[in-house]
Amino acid sequence: MSDWKKLCQLDDIPRQGSRVVASASGDIALFRTDDDEVFAVHDQCPHKGGPLSQGILTGRVVTCPLHGWKIALENGEAVAPDAGCARTFSVKRVGDDVWIAT
Amino acid sequence: MTKQKLVMVGNGMAGCRTLEELLKLEPDLYEITVFGAEPHPNYNRILLSPVLAGEMSLPDIVLNDHDWYRDNAITLHAGKTVTKIDRKAQRVFAADGTVADYDRLLLATGSSPFILPVPGKDLPGVIAYRDIADTEAMIAAAQAHRHAVVIGAGLLGLEAANGLRLRGMDVTVVHLAEWIMERQLDRSAADLLKQSLEAKGLKFLLGKQTAELVAGPENEGGRVAAIRFKDGEIIPAELVVMAVGIRPNTTLAESAGIHTVRGVVVNDTLQTYDPKIYAVGECAAHRGTAYGLVAPLFEQAKVCANHLAQFGIGRYTGSVTSTKLKVTGIDVFSAGNFTGDETTEEIVLSDPAGGVYKKLVIRGETLVGAVLYGDTADGAWYFQLLRDQQNIGEIRDHLMFGAAHAGSIGDVGHAGQSQAATMADSAEVCGCNGVCKGTIVKAIKEKGLFTVDEVRRHTKASSSCGSCTGLVEQILASTVGGAYQPVESRDKAVCGCTEHSHGEVRAAIRDQHLLSIPQVMQALGWTTPNGCAACRPALNYYLISSWPHEAHDDPQSRFINERAHANIQKDGTFSVVPRMWGGLTTPKELRAIADVAEKYQVPTVKMTGGARIDLLGIKKTDLPKVWADLGQAGMVSGHAYGKSIRTVKTCVGAEHCRFGTQLAMSMGVKLEKMLFGMWSPHKVKLAVSGCPRNCAEAGIKDVGVIGVDSGYELYVAGNGGIKTEVAQFFCKVTSDEEVLEYAAAFLQLYREQGFYLERTCHYVARVGLDAIKKIVVDDAPRRRELYERLLFALQNYEDPWNAAVQKPALRREFETLEILEI
Ligand code: SRM
Ligand SMILES: Cc1cc2nc3c(=O)[nH]c(=O)nc-3n(C[C@H](O)[C@H](O)[C@H](O)COP(=O)(O)OP(=O)(O)OC[C@H]3O[C@@H](n4cnc5c(N)ncnc54)[C@H](O)[C@@H]3O)c2cc1C
Ligand code: SF4
Ligand code: FES
């Protein structure tokens with residue numbers, strides 16, 4: 001069973017944007033989609049480690065700012081034909097609060 | 001809700017492409033059933049030639065395997081021929097009794113080879129060249145027999161003959177006309193081609209008419225044994241391949257009463273006379289033409305899919321085609337109207353000894369046709385000129401010498417690589433991503449790629465700086481032959497999310513007064529809910545440049561550099577380039593920079609190519625602090641990160657220099673201050689030199705200003721980057737005020753008409769320098785209006801660094817959240 005920790009308010013993340021969460025095990029990119037879903041992935045692109053938090057978010061896909069790989073937020077998988085995977089973290093919304101599983 | 005039913009008859013290249021396009025748009029709209037007479041899934045028919053030649057094998061050429069049909073829930077009836085359509089009941093019937101109902105029917109039955117009506121045409125050993133079964137029959141015959149005769153010396157016939165020869169047969173090509181490939185080549189090119197093929201061991205009999213195919217002894221199976229011509233000559237033939245043309249497969253449509261005239265007649269949406277029935281591919285006759293090459297069929301597929309998906313966008317208006325013979329080691333290319341007529345002129349280069357022949361057919365100031373033999377490296381370039389109907393008036397003198405000589409100086413990073421076909425497989429094509437030719441060719445063949453976009457996605461070649469795009473196009477063209485079709489550049493869709501071109505999107509934003517990205521997407525029927533990383537920044541730019549102070553800038557639609565007002569580095573840190581107006585600085589500014597560099601432990605401090613100082617390797621969280629410190633010394637953003645005004649380089653000018661005729665530094669500072677905060681389709685760089693010695697390099701800037709004794713000369717559309725372009729003379733003015741007004745008017749026109757990511761040199765090439773001069777130089781009132789519109793757009797522009805320092809809401813972008821437990 002994972003422990004849930006309150007991380008921030010939904011409005012701390014810009015819609016269609018992201019925030020960086022500094023964690024003990026490295027940076028995590030926290031995203032908020034156009035329809036207010038939240039996702040969290042390790043802030044390192046499977047290609048060459050680019051900071052995914054800095055990419056452009058469209059739907060549930062972020063485009064890495066360095067060389068344009070597209071990463072699906074649900075599972076961290078690179079969109080074909082690229083191949084690779086970024087670690088994901090469980091996050092949820094409870095009302096206006098965003099929680100992360102530790 | 002039950003899905004509508006889509007039935008497709010003919011499981012070939014055009015049909016399956018239509019389904020692929022449809023699934024991209026509306027994956028869940030239809031329940032799809034496919035009938036194919038051949039017992040195979042869809043394969044790449046054009047690669048039957050390399051298979052016959054032994055260069056590829058059959059499994060390599062499958063385009064959509066059985067898994068594809070399954071994954072997309074498509075019912076495939078492979079090996080079943082549809083024999084009847086009941087249009088009233090909306091139902092089709094196959095020969096084996098299978099029945100399927102449809103709401104929409106797609107006919108993609110292709111064509112059948114034409115068989116000469118001569119005695120003996122049905123003998124064993126007499127075949128056509130169309131499908132896998134024919135290819136297998138040829139391969140088998142090559143193992144058992146010696147003499148092959150190919151009737152017809154068009155593309156198909158020659159490829160068949162070449163393949164059979166490579167498989168060891170003694171091959172004679174028989175042709176009715178006086179020279180080979182007479183529908184694609186003129187006589188000079190054809191004679192050269194014939195010589196090369198003869199050198200490969202093929203024999204030719206030209207001007208010969210077949211009278212009869214003669215059977216061999218009954219006890220040997222009654223197989224064909226010889227061919228007799230009208231003139232009485234007889235030659236041995238244990239295999240006869242008829243490659244004398246194709247006929248659209250219209251029998252099925254005709255029997256159902258659908259209007260056909262040399263093909264199933266379709267309109268610009270690929271709809272037949274029965275609105276429930278569509279037709280694409282070789283079976284369709286569009287404006288009187290049934291095409292026999294895949295490139296136009298794929299264009300049809302795209303349009304047809306859009307209408308099947310009920311989007312109703314896009315019309316197919318016909319295609320210009322090109323052909324290329326797929327015989328390894330021989331390069332023949334032809335496109336457009338290569339025979340010419342009384343309204344055309346020809347430029348010909350003929351070097352029979354060197355094995356090169358080139359003919360360009362020109363009407364007025366456009367290229368309308370081309371034939372290349374021996375050296376086809378520029379085929380893709382000519383084809384693009386032809387399709388775009390580009391005005392070639394100015395480059396006519398160099399046209400024959402190809403893209404490399406057409407008026408531009410450099411294409412850096414690709415020195416010595418202009419001939420895609422002769423490049424070694426190990427040669428690097430894309431310098432940014434390290435992709436070599438072999439990798440690209442392999443991907444094209446194995447994955448069945450047909451467009452530069454697809455090659456880009458699968459190999460990464462030309463996906464970064466783009467300077468190798470031309471080379472990638474050439475490789476694509478030489479690998480897929482006539483299947484290659486460049487997109488008309490000016491009509492290119494913005495991205496995969498829409499059918500609309502940049503021009504159409506700009507016009508809609510202006511004409512319908514659209515003010516936000518969701519509005520544009522709604523009004524123009526975007527196919528994705530919130531776009532992609534390619535269209536969002538473009539739309540954002542079009543909105544803010546069309547409706548300054550009205551449309552909201554959307555930070556989430558900007559690339560990170562423009563959102564963070566700094567350049568992202570490979571390690572995720574940022575670089576900071578404060579503005580130094582005109583390249584001038586002061587001890588106070590230098591001191592502030594030095595202090596910042598120490599305080600924030602900036603790893604690298606460097607002079608940029610833009611004549612200012614770069615602080616590289618700053619953490620994102622430190623950016624607002626760095627800016628606050630620099631701001632104390634009066635420094636603002638240098639926008640080294642933006643599609644915006646970058647730098648105005650200056651020389652010392654008449655302020656100090658013994659040759660200076662004008663105050664270059666002061667002119668440069670005035671220009672840079674005027675343009676501060678200007679967003680543009682791409683970055684904009686200026687330079688001002690005090691005399692024609694031009695120490696500020698004004699000759700390769702978007703706007704270059706050169707002081708002369710009587711005033712200033714203005715140059716526009718230079719570029720010092722990927723492809724060096726010398727700026728073109730624009731006009732001469734006398735005062736500083738005029739420099740400001742003319743430069744601003746030119747840049748405003750570019751801001752209003754330029755497509756996103758189009759530098760001024762590309763913009764000017766697209767619309768023509770004369771058209772721009774007419775507005776900016778000759779028309780004083782319009783110049784004045786443009787100038788004022790730019791000043792209005794730039795009014796009250798706030799330095800983005802200072803804004804982030806002052807406003808907590810903007811600062812959030814730079815702050816991190818924290819959690820310790822993970
Ligand atoms: C910092 C600088 C190199 C340097 O150390 O000198 C630089 C750095 C970059 N250039 Fe440049 N260019 C720099 C001067 C130039 C110049 C020279 C000039 O400005 O006089 C050119 C050729 C002149 C021109 O543009 O016409 C130049 C032509 C390019 C191009 C090719 C543009 C083209 O249209 O062909 C790109 C790619 C692009 O923009 O798409 C590019 C792109 C880049 C980017 C932004 C690549 C990127 O997207 O990340 C580089 C950022 C590096 C970083 O990590 O910060 N840079 N770049 C120079 C900054 C100048 C400044 O003060 O603002
Ligand atoms: C050897 C060879 C080399 C070629 N090289 C090139 C080249 O280099 N460049 C180029 O652009 N083009 C080339 N072509 C032409 C290209 O292959 C065709 O233009 C293209 O395949 C046509 O696509 P289509 O879908 O219209 O027809 P097809 O691919 O022929 O598909 C039609 C399918 O429908 C099936 N069918 C027909 N009637 C029925 C029915 N009643 N019921 C069920 N199924 C039916 C047929 O069996 C066939 O499988 C080449 C062709 C050949 C044969
Ligand atoms: S600074 Fe410019 S030239 Fe140098 S590596 Fe980066 S993009 Fe290439
Ligand atoms: S690091 Fe993300 S695409 Fe290269």
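Below, chains carry the letters A, B, ... as their sequence lines are ordered, and counting in each starts from 1.
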Worksheet item: With only heavy atoms counted, which part of B/Pro537 is less than 4.5 Å from chain A, the side chain, the backbone, both or neither?
Response: side chain
Worksheet item: chain B heavy atoms under 4.5 Å from A/Ala80: which part of the residue, side chain, backbone, both or neither?
Response: neither
Fill in: Exceeds 12 heavy-atom contacts within 6.0 angstrom, atom NZ of A/Lys48
no
Discussion item. Given heavy-atom pairs under 4.5 angstrom as the criterion, report whether the side chain, backbone, both or neither of A/Pro51 touches chain B.
Written reply: side chain
Practice prompt. Measure B/Phe814 against the heavy atoms of chain A and call it side chain, backbone, both or neither at under 4.5 Å.
Written response: neither
Worksheet, complete the sentence: Ranking A/Val62, A/Ile56, A/Asp82 by heavy-atom pairs under 4.5 Å to chain B gives rank one to A/Ile56
Worksheet item: Shortest non-hydrogen contact from B/Glu818 to A/Leu7?
Response: O-CD1, 4.3 Å
Discussion item. Let's test your reading of the structure: which of B/His458, B/Arg457, B/Arg536 forms the most heavy-atom pairs below 4.5 Å with chain A?
Written reply: B/Arg536
Discussion item. Distance check, rounded to the nearest 0.5 Å: B/Ile819 atom CD1 versus A/Lys6 atom NZ?
Written reply: 12.5 Å
Worksheet item: How far apart are the closest heavy atoms of B/Lys570 and A/Leu66, and which atoms are they?
Response: O-CD1, 3.4 Å
Discussion item. For A/Ser25, which atoms come within 4.5 Å of any heavy atom of chain B: side chain, backbone, both, or neither?
Written reply: both
Worksheet item: Checking heavy atoms, do the side chain of B/Glu813, its backbone, both or neither come under 4.5 Å from chain A?
Response: side chain
Response to the item:
Bottom line for B/Ile568: the part with an atom under 4.5 Å from chain A's heavy atoms is side chain
Discussion item. Check whether B/Asn530 reaches the backbone of A/Thr58 with its side chain - one donor and one acceptor, N or O, closer than 3.5 Å.
Written reply: no
Item to complete: Go through the atoms of B/Arg563 and report whether side chain, backbone, both or neither lie under 4.5 Å from a heavy atom of chain A.
Response: side chain
Worksheet item: Taking atom CD of B/Gln522 as the centre, does the number of heavy atoms from other residues, nucleotides or ligands within less than 6.0 Å exceed 12?
Response: no
Fill in: B/Lys460 side chain reached by A/His67 side chain, heavy atoms, under 4.5 Å
no
Discussion item. Please identify, among A/Ser18, A/Pro14, A/Cys8, A/Ser53, the residue contributing the most non-hydrogen atom pairs under 4.5 Å to chain B.
Written reply: A/Pro14
Worksheet, complete the sentence: Minimal heavy-atom distance between A/Asp11 and B/Arg812, with the atoms involved, is O-NH1, 2.7 Å
Practice prompt. Would you give the length of the straight line joining atom SG of B/Cys532 to atom CG of A/Leu57, rounded to the nearest 0.5 angstrom?
Written response: 12.5 Å
Fill in: Greatest number of heavy atom pairs closer than 4.5 Å to chain B - which of A/Gly55, A/Ala22, A/Ala24
A/Ala22
